[in-house]
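Down below is the structure, laid out as structure tokens.
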Amino acid sequence: MQHSLRHHLRVALHPPLLSLFSSLPYTMARAITRAIPLPFKLSRQVPQQEKICCGGGQRGYRKVRRRAVKNNSKEKELELSVKILIEEGLPNDPEILNIAELLRLNAPMAMKLAFDGLKGSEYKTRDNAIYDIGGFENVELSILLCNDEFIRKLNKEWRDEDHSTDVLSMSQHIPELKLPILMLGDIVISVETATRQAEERGHTLLDEIRILLVHGLLHLLGFDHEISEEAEAEMEKEEEHLLKNLGWKGKGLINGASVADIDGSLHIENPDDRKKEGSLRFYKPKFKYIFCDMDGTLLNSESQITSTTANALREALSRGVKVIIATGKSRPGAIRVLRMVDLAGKDGVVSQFSPGVFLQGLLVYGRQGREILRRNLDSNFCREAFVYSLEHKIPLVAFCDDRCLTLFDHALVDSLHSVYHEPKPEVMPSVEHLLAAANIQKLIFLDTAERVATTLRPYWSEVTRDHANVVQAVPHMLEIVPSGTSKGGGVNMLLDHLGVTAKEVMAIGDGENDVEMLQLASLGIALSNGSEKAKAVADVIGASNDEDGVADAIYRYAF
């Protein structure tokens, strides 16, 4: 049985939930301000005497204090006071709010049925600290819906176990006080963990939270599956009985975990497991910004953004995470690609008015899309490169702001537009006409991967030693950029401009031109298809770009 899935706490706490949070950070304590007080009354016949089970198994009777009434058979109302609390770390999501409203009715129903089950029943393992519900005028219960971070802190504080869990049961009942009010305790449920478990078990989040509610309630009433196999069987049977009679789905948390032990189908004990599409709204973002490369990263080997990756980006954006493009592409090229999946424009990932790092960090745009950095290549060096291009018949393209310029038609040149979505290269009549047309930020030689590696890169690495840098994003392209510039440098400048610290950033890339960016970020993720240099500096090696590596990284690490 996966006990790591279900950890519960039964400690005497007084006064109720407020005292529990007083020892925690103020931001956690403020969670109780989002509370829905829910008084709920049920009529109940209170007998003069009730049988109880003591700790030693002896049977006895006790007199029940009753108010003086003319008719001893008159019903007395047992008030069930239930408070539903929502921890502030959870979003104001309609589904969470709807579940909280449903718990207004669900919790008292479960309590009433559980109380009725205690009458006349003989349990061999149940702690009988609560033995006479009829002796109380009021029963109080608090249910807190929270995130993994919050429940992890509680688990650490009260159980010295530093991990999140699904539910914690915290008893507040102190038998010695003999109060007219039964302070049953607190049930704390992590919506994040419940979401994962619901997805794995094939039912709704409400179903899972109801299962956790029943499990937690039984713990407060003295059941404890962890003390022995007999106790586990007894509590499992009671869970199934309550859920069945309430008409709720599932057979109970113990039964579900037992099935998982047998077939090994659940992996929810790992809080870093990949979340699923549609579930991120229940998770708190770990980062405010995601800096993402395009070619070889966001784009698959066919230079496309898949629907899975596009949906992951939308989910991140919907949760307030800002996705910023950091690429060797031009800004028009990036916009063109993202427009194909409706992620360009005001509410998308990139536009003319959004921040971004383009052309390997040579053009950087800040707030409102305003240019904050531009670096150009020396015109004399560019002349030398184009003369070389003509003499050796090797295609060379100049990137100039939003334009691409070249000296002759070639299939590889056309591929920049048709495959990589860059602006369609304009063929210039001469080197001088090209140099006069615009300032050049970078040059790209296009050839076979073999010739780039054996001929072009060695030659231009030597020639550019004092004038420029040679970088590669894809094997069949050799890029030449001004010396002292890099994509990482552009990212760093943009972070300073935005007032963002590296701790707030997750970065995803694949090429050697992404190395600095991956090192700079709090979490750097290199996709498995990436260069060895990128993977060597990354914190995590992710899935490949053909396996929706960006989507996987978002679902697994961003929340």
Side-chain angles (χ1 to χ4, degrees), residues 294-296 299 301 303 327-330 332-333 358-363 375-487 510-515 531-533:
M294 293 194 70
D295 292 312
L299 308 184
S301 58
S303 293
T327 180
K329 286 185 176 299
S330 64
F358 303 96
L359 300 182
Q360 307 295 10
L362 302 174
L363 282 174
R375 289 291 304 275
N376 299 325
L377 283 167
D378 177 74
S379 60
N380 290 327
F381 175 80
C382 293
R383 180 180 289 105
E384 182 180 352
F386 275 104
V387 169
Y388 179 95
S389 169
L390 288 173
E391 291 177 350
H392 294 83
K393 304 301 181 186
I394 298 175
L396 178 63
V397 177
F399 282 72
C400 314
D401 294 340
D402 294 345
R403 303 169 66 190
C404 289
L405 308 178
T406 189
L407 291 177
F408 53 84
D409 287 319
H410 193 281
L412 288 176
V413 171
D414 292 338
S415 72
L416 282 177
H417 178 68
S418 61
V419 177
Y420 295 97
H421 313 290
E422 296 289 9
K424 187 173 179 61
E426 305 169 40
V427 179
M428 306 301 291
S430 68
V431 174
E432 294 305 321
H433 278 88
L434 189 151
L435 295 176
N439 291 321
I440 298 172
Q441 284 80 54
K442 77 169 183 176
L443 300 171
I444 291 185
F445 280 103
L446 300 104
D447 210 335
T448 65
E450 181 182 0
R451 289 188 62 183
V452 168
T454 60
T455 304
L456 288 175
R457 181 154 192 168
Y459 176 82
W460 286 100
S461 294
E462 181 66 25
V463 171
T464 60
R465 181 177 299 174
D466 299 323
H467 306 283
N469 292 338
V470 170
V471 296
Q472 271 189 277
V474 292
H476 64 278
M477 296 183 189
L478 186 73
E479 302 188 35
I480 301 177
V481 299
S483 59
T485 59
S486 67
K487 185 190 293 186
D510 75 300
E512 64 179 63
N513 59 329
D514 294 315
V515 167
S531 71
E532 293 305 315
K533 290 184 179 179

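Model, not experiment: these values are computed from the prediction.
Using modelled atom types, no side-chain atom of His433 and backbone atom of Pro429 make a donor-acceptor pair closer than 3.5 Å. Checking side-chain atoms of Lys533 against main-chain N and O of Asp514 turns up no donor-acceptor pair under 3.5 Å. The closest donor-acceptor contact from the side chain of Gln441 to the backbone of Asp401 lies under 3.5 Å. Between the Thr406 side chain and the Val427 main chain, no donor and acceptor come within less than 3.5 Å of each other. Between the side chain of Thr327 and the backbone N or O of Phe358, no donor-acceptor pair lies under 3.5 Å.
Taking OG of Ser483 as the start and CZ of Phe381 as the end, the distance is 10.0 Å to the nearest 0.5 Å. How far OG of Ser379 is from CD of Glu432: 9.0 Å, rounded to the nearest 0.5 Å. The line from OG of Ser303 to NZ of Lys329 is 6.0 Å long, rounded to the nearest 0.5 Å. Atom-to-atom distance recorded for Ile440:CD1 and Leu435:CG is 5.5 Å, nearest 0.5 angstrom. Rounding to the nearest 0.5 Å gives a distance of 9.0 Å between NE2 of His392 and CG of Leu456. Between Asp295 atom CG and Asn513 atom CG the span is 9.0 Å, to the nearest 0.5 Å.
Between Leu377 and Ala468, the shortest heavy-atom contact is CD2-CB, 4.0 Å. Shown here for Pro423 and Gly333, the closest heavy-atom pair between the two residues is CD-N, 4.3 Å. Nearest heavy-atom pair, Arg403 versus Glu426, reported as atom, atom and distance to 0.1 Å: NH2-OE1, 2.8 Å. Closest non-hydrogen pair, Trp460 versus Ala385, comes out as CH2-CA, 3.6 Å. Residues Leu434 and Ala398 come closest through the heavy atom pair CD2-CB, 4.3 Å. Across every non-hydrogen atom of Phe408 and Ser389, the tightest pair is CE2-OG, 3.6 Å.
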Open item on the list: One pair to check against side-chain contact (heavy atoms from CB on, under 4.5 Å): Arg451 and Ile394. What are the steps and the verdict?
Closed with: CA-CA 10 Å; Arg451 289 188 62 183; Ile394 298 175; 3.8 Å; yes
Task: Test log, rule side-chain contact (heavy atoms from CB on, under 4.5 Å), inputs Cys400 and Asn439 - done: CA-CA 6 Å; Cys400 314; Asn439 291 321; over 6 Å; no
Open item on the list: Pair Leu396, Ile444 - check side-chain contact (heavy atoms from CB on, under 4.5 Å), show working.
Closed with: CA-CA 6 Å; Leu396 178 63; Ile444 291 185; 5.6 Å; no
TODO: Could you please spell out the steps behind the side-chain contact (heavy atoms from CB on, under 4.5 Å) verdict for Leu478 and Gln472?
DONE: CA-CA 5 Å; Leu478 186 73; Gln472 271 189 277; 4.0 Å; yes
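Residues Val431 and Leu390 have side chains in contact (heavy-atom distance under 4.5 Å, counting atoms from C-beta outward). The shortest distance between side-chain heavy atoms of Leu405 and Val397 does not fall below 4.5 Å. Side-chain contact between Phe445 and Val452: absent, with no pair of heavy atoms (C-beta onward) separated by less than 4.5 Å. Using a 4.5 Å heavy-atom cutoff, the side chains of Asp414 and Leu416 are not in contact. Considering only heavy atoms from C-beta on, Glu384 comes within 4.5 Å of Val463 through its side chain. By the 4.5 Å heavy-atom criterion applied to side chains, Lys424 and Cys404 are not counted as neighbours.
Judged by distance alone, the side chains of Glu512 and Ser531 never bring a donor and an acceptor atom under 3.5 Å apart. Side-chain atoms of Gln360 and Glu479 include a donor-acceptor pair closer than 3.5 Å.
Aromatic ring orientation, Tyr420 versus His476: tilted (interplanar angle from 30° to 60°).
A 6.0 Å sphere centred on CZ of Arg383 holds more than 12 heavy atoms belonging to other residues, nucleotides or ligands.
Partners of Thr485 under the side-chain hydrogen bond (donor to acceptor under 3.5 Å, both in side chains) rule, at least two apart in sequence or in another chain, do not exist in this structure. Legend: residues meeting salt bridge (charged side-chain N to carboxylate O under 4.0 Å, His left out) with Glu391, ordered by chain and number and at least two apart, are absent.
A salt bridge is absent between Glu450 and Arg457: the closest approach of a Lys/Arg side-chain nitrogen to an acidic carboxylate oxygen does not fall below 4.0 angstrom.
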